[in-house]
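Below: one structure, written as structure tokens.
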Number of protein chains: 2
Amino acid sequence: MNRSLSIRSNHRRNGSQNTSTKRTGFSFNSLRGNIQPELSRKLYRIIKSENNLITAHETAGRERISIATQLSEWGEQTNDAAVSDVSDKVGVILSELGEQEDQYAHSLDDARGVLKHIRNTEKSVQPSRDGKDKIADEIAKLKMKEPQSARLVVLEQELVRAEAENLVAEAQLTNITRQKLKEAYEAEFAATIERAEKQIILAKHGRRLLQLLDDSPVVPGDMRPAYHHAQQARQILNDAEDDLRDWRPEQDDFAVDPSDSVSNARGKQSVGHDDDAHIVAGSATGDRAARESDAGSVVSDGTRQGEALAAH
Amino acid sequence: MNRSLSIRSNHRRNGSQNTSTKRTGFSFNSLRGNIQPELSRKLYRIIKSENNLITAHETAGRERISIATQLSEWGEQTNDAAVSDVSDKVGVILSELGEQEDQYAHSLDDARGVLKHIRNTEKSVQPSRDGKDKIADEIAKLKMKEPQSARLVVLEQELVRAEAENLVAEAQLTNITRQKLKEAYEAEFAATIERAEKQIILAKHGRRLLQLLDDSPVVPGDMRPAYHHAQQARQILNDAEDDLRDWRPEQDDFAVDPSDSVSNARGKQSVGHDDDAHIVAGSATGDRAARESDAGSVVSDGTRQGEALAAH
């Protein structure tokens, strides 16, 4: 891992040697990306790239399984009992490696679904920001042109409502963003570990199978000693099957120090604002009714509203 | 691993639900496959499929690295210090996951190169088989038509030479096939284990990073507690880098019982025919001169030749 401690700064410094591929030029995909609201555009693209990643792993799994069958059939036509048996059994292992690759793709797809929650929330927060800004602009213009206009009072009231609504939207955004970011990549890392551990099991048993193949050279005209390992080879496959069945996700042994500020913050939080926190966390993304009722509860609490606007 | 103990029989029984993709219909690839000699056709196709597999893993690596950069940039635009730092550092981990995927593709490519030795030998053995068969056919026909023909003596001599030449070719084929099959898949399994172990290291440190992100919900208008984990996050990346650098291939703990017949056969072999074995093993595939000199040495050894033809 010979890289700097930030991929971001890295990317800027070595912009020209950047190894990531960027879609450039015209394409339907990039067009569709551009009609996304500014706020959700980056995540929209990430979700598209995750789809390419998933497809690549699916393809890898499929090719593995295809190679497995072909290898077995090739082994059969060699008319060499040892090569035939070992290639067939190695084929079984390779095929299962492919299945694991495919399951990995499915797990990545689940994680991708979690990222969509963030994107959808981003998408729904954009109009709230825009609406608030639009009213503020209108007030500023009107103050210049007609400082005594009666419409100013109405607009100021509208702005307070829009700010309250936006305050809720922004809280929903930060809550969903953090929860779902964590959830999505925890799922990806767990899937990475699962695929890795299962493929290690398979590869190690695959190596055992290869050791059954006597590759000492023969001289022309000499017969190979007969192959006596069919039973042993079957046993190796049974062992691999048992080991896979017994696999369990390991409890992660890395833990954050419980006295640090993450836990403290969480502790404080749950004492102070349990009910509201529950409402915000529970409100469905883009659920207009829920969002409005949240906004209402904030507005009715004069003190909170004042504090909030001040902080804002 | 819910499958039978042979992928071959499996394939036949469940032919219709076979998950592997078969190229069907017209394509330049399948045409090119058909002009391969019969003997090397299956392996030719396997080598093509391995290429698809390698491309899939390369694509997966590239997409991972692209997602890593995009995630970091998305995090920056959230204007949330915690999300920004964690997404950037998780991006570094993801990017390295992608690099490992790419290195895996390179290792698979090396293993694929080893399989080509078998294919090339198969290709070069085909004319030897065909030549021998052609002479035998000619003799059979001539015996029917002109049993007294003087040409029969010449043809019989040619057949003995062709059989001797083919005997060497077949010995080369079995030697190369077993050695290179073992070598290729040992390399693939070793690469699978290396990628898996390194990706486990990365994924576990990635999980640690995610634990630094406080995802307890906030209520509208409340500020998030300040993010204090930048130092800790950097340390996690340092740990990941150290762990990757310290990674060593594990000695395989599966060993075949040294008293079994593989080792015995190898032992016997090395006592009996060390020199010849060396010549056969050492002769380059398709190296006409080397093959002829092998054939010569066999022919000059009357006893061996007799035995060999009898066995044949």
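Quick note on labels: first sequence line is chain A, next is B, and so on, each numbered from 1. Keep in mind that what you see is a predicted model, and the values were worked out from it rather than measured.
In summary, B/R64 and A/E188 engage in a salt bridge, as defined by a charged side-chain N under 4.0 Å from a carboxylate O.
What you find for B/I193 and A/A203 is that their closest heavy atoms are CG1-CB, 3.6 Å. Nearest heavy-atom pair, B/L53 versus A/A60, reported as atom, atom and distance to 0.1 Å: CD1-O, 3.2 Å. Nearest heavy atoms, A/I67 versus B/S49: CG1-CB, 3.5 Å. Between A/L167 and B/P220 the shortest heavy-atom distance is O-CB, 3.9 Å.
Within the 4.5 Å cutoff, the side chain of A/R45 has no heavy atoms near those of the B/E73 side chain. Contact of the A/F189 side chain with the B/V90 side chain is registered, since non-hydrogen atoms from C-beta on lie closer than 4.5 Å. With a 4.5 Å cut-off on side-chain heavy atoms, A/T177 and B/V83 count as touching. Within the 4.5 Å cutoff, no side-chain heavy atoms of B/T55 are placed close to those of A/T59. Annotation: side chain of A/Y185 is in contact with side chain of B/L71 (closest heavy-atom distance under 4.5 Å).
In this structure, the portions of B/A190 lying under 4.5 Å from any heavy atom of chain A include both its backbone and its side chain. Contact of B/L94 with chain A is made through the side chain alone, with heavy-atom distances under 4.5 Å.
No donor-acceptor distance shorter than 3.5 angstrom exists from the side chain of A/K42 to the backbone of B/Q70, with no hydrogens or angles considered. Looking only at distances, no side-chain donor or acceptor of B/Q199 sits under 3.5 Å from a matching main-chain atom of A/R195. Of the possible polar contacts, none joining the A/R178 side chain to the B/S216 backbone as a donor-acceptor pair under 3.5 Å is found. Between the side chain of B/D215 and the main chain of A/N175, no donor-acceptor pair closer than 3.5 Å is present.
Among B/L97, B/L210, B/D242, the residue making the largest number of heavy-atom pairs under 4.5 Å with chain A is B/L210. Counting heavy-atom pairs under 4.5 Å between each of B/Q77, B/K180, B/E183 and chain A puts B/Q77 at the top.
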